[in-house]
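Residue numbering restarts at 1 for every chain, and letters A, B, ... go by the order of the sequence lines.
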Amino acid sequence: MTVRTRYAPSPTGALHIGNVRSGLFAYLFARHNHGAFILRIDDTDELRSTAESLEEILESLRWLGVEWDEGPPDRKYFQSSRFDRYREGALKLLREAKAYPCYCSAEELDAMRKAAEREHRKPGYDGRCRDRTALADLQTVELPDKKAGRNYTIRFRSPREGATVVDDLIKGPAVFENTELDDLIIFRSDGVPTYNFATVLDDFDFGITHVVRGDDHLPNTPRQMQIFYALGLTPPAYAHLPMVMGADGQKLSKRHGATSVFAYRDLGYFPEALLNYLVRLGWSHGDQEIFSLSEMFEYFDFASCGKSAGIFNAEKLLWINFHYMKELPVERIARDVKPFIAKKGWTIPGDDAWLEQMIATLRERAKTLVELVEFASFYLNDEITIDPKAAAKFLKPEIAEALGAVAAELDALGDDFSEAAIQAAFERVLARFNLKLGQLAQPVRVALTGGTVSPGIYEVIAVLGRARTVARLRAAITLATGGT
RNA sequence: GGUCCCAUCGUCUAGUGGUUAGGACACCGGCCUCUCACGUCGGUAACGCGGGUUCGACUCCCGCUGGGAUCACCA
């Protein structure tokens, strides 16, 4: 049997990092087994589902490079297009007395829960409508439809004897006593199926062999399995991944700051880095830290998945991003950095070769594309601001003459503006004025970049080019000698 | 509170009865050096507790403690 896994996000918000990790693992498992990865959109909740959210999910997945074999835009993979199927399933359960109408109001249910809590009893539904409808009436009862006056819900008649065992691929067997499973609502009074019911029909209809999801779904699993049984179907295999927590040890959520895929994209992270970080959170392959997507496909398995929750560590993600900053082809970084330059309101250089040369001098000093652009300010803008403290320390009158000599030497280089030629020019000035490189490099650095921190001075000069270098040098001489 | 899950450095993890308990991030030092970085070398740091099983437990079992998830007409 070929493996088929699915990822079923709900389009009710941004694509969350903890959530997408579950999708990634389902994807990797499918690819590892040369199976299919299905993307399904759980949008039964019309009120909370939005088109923007759907677009964000799709775009996030595309950006990450997670490719689904089946799914949107095919409407078939939207729960909202499958209501007939859900109705059919619910009716079948009703006719077979495996489900029943419940006439309790939301308020009533709420009061029931509160009372149970007060009296330290189980907060679940007590089954008071379980036998309210006669067997014969179950043959004719219709599905709820508030507008048509059929204001009730449909509940699943959960078995009260025995136990349900979830033989989880990651956690091992978990035994749930069926008495713990209350009769859950499978159809709301507005005629919309609920998640636990719809997902069962979907997983079956789409031939899902392995349900891979976060372990927050583990308590749902025995209920879903019972629905499979009631429908006369065999449940798929389950693999419940441990959760991703925030630094406070609680389930990762919006209040932990940047948690969406888009957030990291906009912060200047590479998709490779995010994927790489996520895959190592809860999975390992010996001591290896860096994985390409194809390596993930090759090595991924549930046996190497950890069982315990992991805390999201932004610092390590940053380090991995830095790794890719240093390793990715410079052409790729040049392509990716452009939107970030534009976002700054700066002009994107037309010369890609020059941009790449610039990036080569910066890439081991910037951990994200945002940082890269900030650092590149003096390359990208003709107007530089000289840090007053740096100027006071390095642009003093006594260095002006040497600076002038550097400008003249560099200017005389003409078209041979290679780093080697630049270095030779520096050495001539150093010898003439009897200076050490450090004594000359820092003033030049301040003159060219406005600050005391930059890539190697020869690199900076080579990238800046003759005209801009000489102009900045001359401006600095003016500043150093107190001129206007 | 009920149910379920989990437990190795601060964090992510390797480890599947006998190891000086390994790696990575972070942190701290040395080296390299025109600044900052990169790189490189080294360092600090962990098996939650208590019982078993065993010649021998980080590894297996039980209990405790601790953490987490979940108990909707959300998904």
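Heavy atoms of A/Ser284 sit under 4.0 angstrom from primed sugar atoms or phosphate atoms, though from no base atom. Contact annotation for A/Gly249: backbone-only contact, meaning every heavy-atom pair under 4.0 Å involves sugar-phosphate atoms and none involves a base. Residue-level contact check: A/Gln288 touches neither bases nor backbone, having no heavy atom under 4.0 Å from any strand. Nucleic acid contact for A/Thr153: base, since at least one base atom lies under 4.0 Å from a heavy atom of the residue.
Nucleotides B/G66 and B/C28 have their P atoms positioned 35 Å apart, rounded to a whole Å. Distance noted for atom P between B/C47 and B/A21: 12 Å (whole Å).
Note on A/Lys251: a side-chain N or O is less than 4.0 Å away from OP1 or OP2 of B/U70. The phosphate of B/A75 (OP1 or OP2) has a side-chain N or O of A/Thr44 nearer than 4.0 angstrom. The side chain of A/Arg188 places an N or O atom within less than 4.0 Å of a non-bridging phosphate oxygen (OP1 or OP2) of B/C74.
Side-chain atoms of A/Arg280 come within 3.5 Å of backbone atoms of A/Trp283 as a donor-acceptor pair (strictly under, hydrogens ignored).
Per the stacking criterion (ring centres < 5.5 Å, plane angle < 30°), A/His217 stacks onto the base of B/A75.
The nucleotide B/U65 finds its pairing partner in B/A7, both defining distances of the Watson-Crick or G-U wobble pair being shorter than 3.5 Å.
Checking A/Val175 against A/Asp182, the closest nucleotide of RNA chain B that is more toward the 5' end is the one next to A/Val175.
In the set B/C36, B/A14, B/U11, B/C36 carries the atom at the smallest distance from any side-chain atom of A/Val453.
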